[in-house]
Amino acid sequence: MKKIAQTMIVADCYYTIVNANGKVIEAVEGNENGGAIQLASATKAANQQWMFLRMGEGVYRIQNRSTGKMMDLMMNGTVDGTWLHQWEDVNGSSQLWIVEAGNDGTVKIKAQLAPTKCIDVVGMSNEDGAHIQIWQDVNGDNQKWTISEVKEKAAAKKPAAKKTTATKKKAEEVKAEEPAKVEVKAEEPKVEVKAEPVAAVAEEPKEVVAAPAAPAKAKSKASGKKKSGKKGKKK
């Protein structure tokens, strides 16, 4: 029979680590080494999501989605009460965790450096901000965790893609109709503007045609004088 942890932990997926009291493990937001790992009310925030990087049979490194840091034992400690914190990936044994499935659907998460000790809530607290530590396995509720896959974002991607495609098609249809309306409106003012200058140009040539009549008479007088002069010389 497969262990429950082996069945539900998949590569490249994110999970919440939920305590029996309903609170989850979160990393304090920020990218600093040594940032706290603590208990908090579930909000589905990225700093409450963890990826399990398989390193062997049932052995994982646990990486926070928001900070990219690993779940780590402070100062490589192995004694009861050693706090967990987040640290950059150093591929060290203080960042290796054994996921041990129970028969009730929960798991215990044990430090590979101290395989008899489980991830545990300090003081068995239910309060937000309570620190996470390791402690001798006492089979207590504060040492039992449910690893639950985060599915909300993966499910939201498919409908979003369909809506985007539909809105693009509608936008293209609207854009295809708009130019036809704009062309009709643009033609009407052009006809009215051109009608007025045509009438003004037609009136001007009437005055220009009448002007050459005067110089025609002057030429005839001049030609008459020249003829009379020639007759006088012949006499």
Side-chain angles (χ1 to χ4, degrees), residues 2-55 58-74 82-89 94-112 117-135 137 139-160:
K2 288 185 178 180
K3 292 182 180 180
I4 293 171
Q6 291 174 329
T7 301
M8 60 182 186
I9 294 177
V10 180
D12 301 323
C13 290
Y14 287 97
Y15 298 86
T16 54
I17 305 172
V18 188
N19 192 248
N21 61 24
K23 300 292 180 73
V24 300
I25 295 178
E26 73 171 14
V28 173
E29 291 191 50
N31 296 318
E32 296 296 327
N33 284 331
I37 291 178
Q38 62 190 22
L39 196 69
S41 298
T43 62
K44 299 181 181 179
N47 67 316
Q48 296 181 348
Q49 299 177 28
W50 303 86
M51 180 180 286
F52 287 74
L53 305 172
R54 192 173 186 273
M55 302 303 294
V59 180
Y60 301 88
R61 287 180 296 157
I62 305 175
Q63 183 179 36
N64 188 261
R65 184 171 193 169
S66 175
T67 66
K69 307 290 186 183
M70 300 294 177
M71 189 178 288
D72 184 279
L73 282 170
M74 188 176 290
T82 299
W83 285 7
L84 273 61
H85 64 179
Q86 52 183 321
W87 203 268
E88 63 187 338
D89 182 7
S94 63
Q95 297 178 345
L96 295 176
W97 303 93
I98 300 166
V99 179
E100 185 179 285
N103 296 323
D104 57 355
T106 64
V107 299
K108 292 176 183 177
I109 304 174
K110 297 182 175 181
Q112 191 183 59
K117 297 184 179 179
C118 305
I119 289 180
D120 177 288
V121 183
V122 172
M124 301 177 66
S125 176
N126 294 331
E127 298 296 322
D128 288 354
H131 286 283
I132 305 299
Q133 63 182 2
I134 57 168
W135 198 269
D137 184 359
N139 203 35
D141 285 346
N142 65 320
Q143 296 178 341
K144 293 181 179 181
W145 306 90
T146 301
I147 299 175
S148 180
E149 185 179 351
V150 178
K151 296 181 179 179
E152 291 79 2
K153 289 192 175 181
K157 287 180 182 178
K158 291 181 181 179

*Please report the shortest heavy-atom distance between Cys13 and Glu149, naming the atom on each side.*
SG-OE2, 3.7 Å
*For residues Ile134 and Ala111, report the shortest heavy-atom separation together with the two atoms involved.*
CG2-CB, 4.5 Å
*Can you list every salt bridge (Lys or Arg N to Asp or Glu O under 4.0 Å) pair that touches residues 120-130, not counting sequence neighbours?*
Lys23-Asp128
Those residues that, when tested against [X], pass side chain to side chain contact (heavy atoms under 4.5 Å, CB included) (two or more places apart):
X      : result
Asn126 : Asn21
Val122 : Trp83, His131, Gln133
Glu88  : Asn33, Lys69, Val90
Ala45  : Thr43, Asn47

Any residue meeting salt bridge (Lys or Arg N to Asp or Glu O under 4.0 Å) with [X], in chain and number order, not counting sequence neighbours:
X      : answer
Lys117 : Asp80
Asp89  : Arg61
Lys144 : Asp104

Find the distance between [atom1] ([X]) and [atom2] ([Y]) and round it off to the nearest 0.5 Å.
X      : Y      : atom1 : atom2 : answer
Ile109 : Cys118 : CD1   : SG    : 9.5 Å
Gln49  : Lys44  : CD    : NZ    : 10.0 Å
Trp97  : Gln112 : CH2   : CD    : 10.5 Å
Asp141 : Met124 : CG    : CE    : 7.5 Å
Met51  : Arg65  : CE    : CZ    : 7.5 Å

Between [X] and [Y], is any pair of side-chain heavy atoms under 4.5 Å apart?
X      : Y      : answer
Lys110 : Asp137 : yes
Trp87  : Gln95  : yes
Val99  : Tyr60  : yes
Ile132 : Ile119 : yes
Met70  : Ile62  : no
Asn64  : Ile37  : no

*asked:* So, using ring pair (Phe, Tyr, Trp, His ring centres under 6.0 Å) as the criterion, who are the partners of Trp135 when residues are at least two apart?
replied: none
_Which residues pass the ring pair (Phe, Tyr, Trp, His ring centres under 6.0 Å) test with Trp145, not counting sequence neighbours?_
none
Side-chain donor/acceptor of [X] to backbone N/O of [Y], under 3.5 Å:
X      : Y      : value
Glu100 : Lys108 : no
Glu26  : Ser41  : no
Asn19  : Gly22  : no

*side-chain hydrogen bond (donor to acceptor under 3.5 Å, both in side chains) partners of Ser94, counting only residues at least two apart*: Asp72, Asn76
*asked:* I'd like to check the side-chain hydrogen bond (donor to acceptor under 3.5 Å, both in side chains) partners of Asp12; sequence neighbours left out, ordered by chain and number.
replied: none
*For Gln48 and Thr16, what are the C-alpha separation, side-chain angles and deciding distance, and is it a side-chain hydrogen bond (donor to acceptor under 3.5 Å, both in side chains)?*
CA-CA 6 Å; Gln48 296 181 348; Thr16 54; over 6 Å; no
*Pick one: which of Val59, Ile17, Val10 meets side-chain contact (heavy atoms from CB on, under 4.5 Å) with Phe52?*
Ile17
